[in-house]
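Throughout, numbering of the chain's residues begins at 1 and tracks the sequence.
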Amino acid sequence: LVRFAKGGIRMSNRTFMAIDQLDLAIEQLKVGSPSYARFAHILVDNIVELLVHHYCEHIIMQDSYHFVGIESVYSREQRAEALGQRFDKKVKFCKLVKGITQDEADAIMILHQYRNELYHSGVIHDAIALDLAWYYHSIATALFVKLISYTHYIIGEELSDAVKKHI
């Protein structure tokens, strides 16, 4: 977050949404039950997907603004995969550009798969749901710190209680 001399805070709507959802996930995790853990895991997965997607968009946008005569760094295929619908390709691209590490990429893909199973099968992972969700939340928080620096900032946005709490 960037603070202005007059005390204003510059953040984007994406930043607000991520903070709100990560905070809501914490509240769900505090309950400690598998049902709330599943909900928290789904919230966290949504934020991770959005962070990864917007980071890919940002890198591709930067790559698009070159001086005349200078080639893009990324191939058409890499650009298409980064901007496409497949989450695994976006994660791979983030790893390629060193936005995330191999360990983070592996964890994200495993936890994303668990999210699919938690969402569609529910109680099948109740014994580990809380631990998985807390772990995913820690990864999402680290990604937020690493990837959010690219964001486009705005002024004058109303701050939610969650954003005020974490500021």
A.B. asks: At what distance, to the nearest 0.5 angstrom, does SG of C56 lie from CZ of R79?
C.D. replies: 12.0 Å

A.B. asks: Count I, L, V, M, F, W, Y as connected when their side-chain heavy atoms are under 4.5 Å apart, and connections chain through other members. Are I26 and V31 then in the same cluster?
C.D. replies: no

A.B. asks: Would you compute the distance between atom NZ of K95 and atom CD1 of I108 and round it to the nearest 0.5 angstrom?
C.D. replies: 11.0 Å

A.B. asks: Drop me the distance from H53's NE2 to K90's NZ, to the nearest 0.5 angstrom.
C.D. replies: 5.0 Å

A.B. asks: Y55 vs H58 aromatic rings, parallel, tilted or perpendicular, using cut-offs 30° and 60°?
C.D. replies: tilted

A.B. asks: Roughly how far apart are D106 CG and I100 CD1, rounded to 0.5 Å?
C.D. replies: 9.0 Å

A.B. asks: State the NZ-CH2 distance between K30 and W134, to the nearest 0.5 angstrom.
C.D. replies: 7.5 Å

A.B. asks: If I compare all heavy atoms of D63 with all of V73, which pair ends up nearest, and what's the gap?
C.D. replies: OD1-N, 2.8 Å

A.B. asks: At their closest point, which heavy atom of A37 faces which heavy atom of A133, and how far apart are they?
C.D. replies: O-CB, 3.5 Å

A.B. asks: Once rounded to the nearest 0.5 Å, what's the spacing between atom CG of L50 and atom CD of Q21?
C.D. replies: 7.0 Å

A.B. asks: Show the nearest heavy-atom pair for residues I60 and A82, with the distance to one decimal.
C.D. replies: CG1-CB, 4.0 Å

A.B. asks: When the aromatic ring centroids of H112 and F87 are compared, is their separation below 6.0 Å?
C.D. replies: yes

A.B. asks: Determine, step by step, whether Y114 and Y136 satisfy the ring pair (Phe, Tyr, Trp, His ring centres under 6.0 Å) criterion, reporting the C-alpha distance in whole Å, the side-chain angles of both residues, the deciding distance to 0.1 Å, and the verdict.
C.D. replies: CA-CA 10 Å; Y114 271 107; Y136 206 7; 9.8 Å; no

A.B. asks: Above 12 or not: heavy atoms from other molecules or residues under 6.0 Å from OH of Y74?
C.D. replies: yes

A.B. asks: For A140 and L51, work out which heavy atoms get closest and say how close.
C.D. replies: O-CD1, 4.1 Å

A.B. asks: Within the distance-only criterion (no hydrogens, no angle test), does the side chain of H137 pair as donor or acceptor with the backbone N or O of V44 below 3.5 angstrom?
C.D. replies: no

A.B. asks: Would you check if V48 and L111 make a side-chain contact, meaning some heavy-atom pair closer than 4.5 Å?
C.D. replies: no

A.B. asks: Give me the one residue out of V52, L83, I59 that meets side chain to side chain contact (heavy atoms under 4.5 Å, CB included) with F93.
C.D. replies: I59

A.B. asks: Compare all side-chain heavy atoms of Q28 with those of L24 and state whether any distance is below 4.5 angstrom.
C.D. replies: yes

A.B. asks: Decide whether F39 and Y36 are clustered together by the hydrophobic rule: side chain heavy atoms of Ile, Leu, Val, Met, Phe, Trp, Tyr closer than 4.5 Å, transitively.
C.D. replies: no

A.B. asks: Is any side-chain heavy atom of M61 less than 4.5 Å from a side-chain heavy atom of E57?
C.D. replies: no

